[in-house]
Amino acid sequence: AHYVETDYWPHNTALYATDFHGNDVRFVFYKLDFTDFTRHNTGGAQQSLNRNFIAPILTQLPPLPEQKRIAQVLGDVDALIQKLEALIAKKRDIKQAAMQELLTGKRRLPGFSGPWETKKLGELGTFAKGTGIKKDDVGSGSIPCIRYGEIYTHHHDVVRRFNSFISEEVAKSAYCLQCDSILFAGSGETKEEIGKAIAFVHKTVAYAGGDIIVFKPNESCNVLTMGYLLNTPSCVKQKASRGQGDAIVHISVTALSLIQLSLPEKKEQTAIAQVLSDMDNELAQLKTRLDKTRDLKAGLMQQLLTGKIRLGVV
C-alpha cells in the first residue's frame, strides 16, 4: 500500500481508494500496509488482486481518536526513517566525491605532495584463482567463505562480514585466502560490472570459491586503498573493455593484469584508506540505526494495529 497526498494518475492495474468512510486516512494506510493480501491473489503466472475478493474481509478498528494517535506514532517513526535514508544517501554521495578526488590525486591530504606512479596491476602483485564451493556446500559447516556472486550482492569495496559458511571437508578443495588480498568477480552478467573488486583484510581463516580471482599485492600497496581504487570509474571502464562474452561475461587474469593504476607512496595510500574507511564506518553505523528503526516500526505495527497495545487519547 502507498499513501499519496497529492494529485496522481493511477495505472489501470492499481486499486485505489479516496473515500474512507470517516476513518483516519493515514491509519487506514498503515492498516492496509500491515495486512497480508497474498493469500487472496488469483491467477496463474500473472498474479492479481481482485477488489471483489478483498472487499468483504473483516477487520477491527479502534475509535477515530485512537486511530489518529496510532497514525501519528507510526508517522513519526516513518519521518525518522526517511531522515536516516536521506542522511545515508548524502553521506554516500560525499564518500563517492571523496573517492573521486582522493584516488585520482585531484585533492591531496595534508602533508603529502610526492609524485604518483602509473603501473599495470600485474606489476604490483601476483594472481591466483579460487576453487570449489558449490551452492549446495554453503551452510555445511562454520568456516567462512566467499562465493563470486556475493561480491556483487553482499560486499562493497571491503569484506566486512561473512554470509556463507562451509565444512572442513569442503574447505579441503577450496582456496584458502591470505590476509590483505584483493578478490575479483571473474564472471558476471554485464561488462559494466565485470571484475568488481573487494579488499580482504581479515586475519580470519576463510576460503574463496570458483570464479573468484585473487590478487596478492606487494609491499608497495595498501590493500584497502586498492579495494576502493579498483572500483572507481577509470578502473571499471578498463575492466569492461576487457570482458569477454555476452550472456555470461568473463574476465581473465591476463586482462586484469593489464589494468593501469596511478598510486602515490604507501604512506599516502594508507592515509587515504583511513579517510574512506572512517566514512564507511559512519555509513555502517547509520545503516544499523536505520535497520533498528525499521524493526521498531514493524514491532509497533504488530502491537498497535492488532490492538495488543492500546493508546489512550490525551
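The basis for the numbers below is simple: all heavy atoms, side chains too, and nothing from hydrogens, waters or symmetry mates. Because the structure is a prediction, the values reported are computed rather than measured.
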Among pairs that include at least one residue of residues 248-264, which meet side-chain hydrogen bond (donor to acceptor under 3.5 Å, both in side chains), considering only residues two or more places apart or in two chains?
Thr118-Ser262
Do the charged groups of Lys31 and Asp24 touch, with an N to O distance under 4.0 Å?
no
Could you tell me whether the side chains of Gln285 and Asn281 share a donor-acceptor contact shorter than 3.5 Å?
no
When you look at CD of Glu117, are more than 12 heavy atoms from neighbouring residues, nucleotides or ligands closer to it than 6.0 Å?
no
side-chain hydrogen bond (donor to acceptor under 3.5 Å, both in side chains): pairs with one or both residues in residues 170-182, sequence neighbours excluded
Glu169-Lys172
Cut-off 3.5 Å, side chains only: do Lys196 and His156 have a donor facing an acceptor?
yes
Begin with the C-alpha distance, continue with both residues' side-chain angles, and end with the deciding distance and a verdict on salt bridge (charged side-chain N to carboxylate O under 4.0 Å, His left out) for Lys134 and Asp137.
CA-CA 5 Å; Lys134 301 185 293 293; Asp137 294 330; 3.7 Å; yes
Decide whether Ser187 and Asp211 meet the rule of one side-chain donor and one side-chain acceptor closer than 3.5 Å.
yes
More than 12 foreign heavy atoms under 6.0 Å from NZ of Lys216: is that the case here?
yes
Just checking, any donor-acceptor pair under 3.5 angstrom between side chains of Tyr30 and Asp78?
yes
Take Tyr16 and His2 through the test side chain to side chain contact (heavy atoms under 4.5 Å, CB included) and record every step on the way to the result.
CA-CA 9 Å; Tyr16 66 93; His2 298 270; over 6 Å; no
A side-chain contact here means heavy atoms from C-beta on lying under 4.5 Å apart; do Leu32 and Val28 qualify?
yes
Side-chain contact, heavy-atom cut-off 4.5 Å: Leu263 with Leu124?
yes
